[in-house]
Each structure stands twice: as structure tokens, then as C-alpha cells.
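Everything below concerns the one structure shown next.
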Amino acid sequence: MALRVAPAAKRIAARGLSNFMQSRGMATEKQIFNQIQSTKNIQKITSSMKMVSAAKLKGDEQRLATAIPFNSWTTALCGEPTLVEDATFEELPQKTLIVPF
């Protein structure tokens with residue numbers, strides 16, 4: 001017994017197969033152009049992200065440079081910092097600056 005397929009179903013199947021075949025072939029000029037444009041856009045975004053991170057790094061370096069004299073002043077005032085591991089609040093001296101890492 002043979003199956004009968006409607007003419008519309010044949011057209012749909014033929015279109016689906018031809019679309020499959022086209023997608024596996026060479027890219028069109030528009031697809032290549034779009035790919036080039038998206039690559040250029042990604043390069044621009046990456047470049048701007050690098051510029052932002054460089055500016056942030058420069059700012060951090062400047063803040064670090066200005067903090068070094070303050071650090072030496074606090075060391076002279078309070079003494080060398082000591083690392084306290086697993087200490088409870090009651091064990092610490094009354095005036096203690098706690099700096100978490």
C-alpha cells in the first residue's frame with residue numbers, strides 16, 4: 001500500500017530541504033558583510049573596555065600612591081600591624097581597628 005502525500009506537503013518538504021541545502025553552502029555577500037560588521041563592533045567594544053580598565057587601574061595606582069604616606073603615619077602612631085587569627089571580640093584590646101581581607 002503506497003502512501004499518498006498532498007501536493008502542499010511536497011512543496012513544504014521541498015522548501016525545507018532546499019533551505020537546508022542553502023544553509024550548508026557558501027555564505028551570501030550580505031551574511032559575510034554582517035559577520036564583518038559584528039566583528040568590527042566587537043573590536044570596538046573590546047577596545048573601549050580596555051580603555052576603561054586602564055583608566056581604573058591608573059586611578060587605583062594614584063590612590064595607592066597617596067595612601068602610602070598615611071600608612072607610614074599610622075604605623076608610627078600605632079605600631080606595626082599584627083595579624084590576629086580566630087580571635088573573639090572579647091579577646092581583642094579595647095581600641096582595635098579590624099580590617100577584613
Side-chain angles (χ1 to χ4, degrees):
M1 178 192 292
L3 292 174
R4 295 185 72 184
V5 179
K10 285 182 183 178
R11 284 192 304 255
I12 292 171
R15 263 192 239 140
L17 184 61
S18 67
N19 286 343
F20 176 74
M21 296 295 277
Q22 283 180 342
S23 68
R24 300 285 300 193
M26 297 287 289
T28 64
E29 186 177 343
K30 184 173 183 174
Q31 289 173 333
I32 293 171
F33 177 77
N34 287 338
Q35 189 67 36
I36 291 171
Q37 289 302 111
S38 67
T39 304
K40 286 180 182 179
N41 289 338
I42 291 170
Q43 286 176 340
K44 289 178 187 177
I45 292 168
T46 304
S47 173
S48 63
M49 289 173 68
K50 285 180 182 179
M51 289 173 38
V52 168
S53 64
K56 285 183 176 183
L57 178 64
K58 186 174 182 179
D60 290 342
E61 288 173 344
Q62 288 176 346
R63 283 188 289 280
L64 179 64
T66 58
I68 289 173
F70 177 75
N71 189 21
S72 61
W73 175 77
T74 54
T75 302
L77 183 67
C78 303
E80 279 296 317
T82 57
L83 184 62
V84 181
E85 292 280 334
D86 302 325
T88 62
F89 186 72
E90 292 80 23
E91 296 171 350
L92 296 174
Q94 190 66 18
K95 292 183 179 181
T96 303
L97 176 64
I98 300 173
V99 181
F101 292 69

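These numbers come from a predicted model, not from an experiment.
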For residues 55-66, pull every pair meeting salt bridge (Lys or Arg N to Asp or Glu O under 4.0 Å), keeping only residues two or more places apart or in separate chains.
Asp60-Arg63

Sequence-distant partners of Thr46, side-chain contact (heavy atoms from CB on, under 4.5 Å), two or more places apart
Ile42, Lys50

Which residue pairs pass the ring-ring contact (aromatic ring centres under 6.0 Å, His included) test with at least one member in residues 32-67, sequence neighbours excluded?
none

Per the ring-ring contact (aromatic ring centres under 6.0 Å, His included) rule, what does the pair list look like for residues 41-73, sequence neighbours excluded?
Phe70-Trp73

Enumerate, atom names and distances included, each donor-acceptor pair closer than 3.5 Å involving a side-chain atom of residues 25-32, sequence neighbours excluded.
residue: Thr28; atom: OG1; partner: Gln31; partner atom: N; Å: 3.3
residue: Gln31; atom: OE1; partner: Thr28; partner atom: N; Å: 2.9

Taking side chain to side chain donor-acceptor pair (under 3.5 Å) as the test, write out the residues that go with Asn41, two or more places apart.
none

Point-to-point distance, once rounded to the nearest 0.5 Å, from CE of Met51 to CE of Met49
12.5 Å

Any donor and acceptor pair, going by atom type alone, linking the side chain of Thr75 with main-chain N or O of Asn71 inside 3.5 Å?
yes

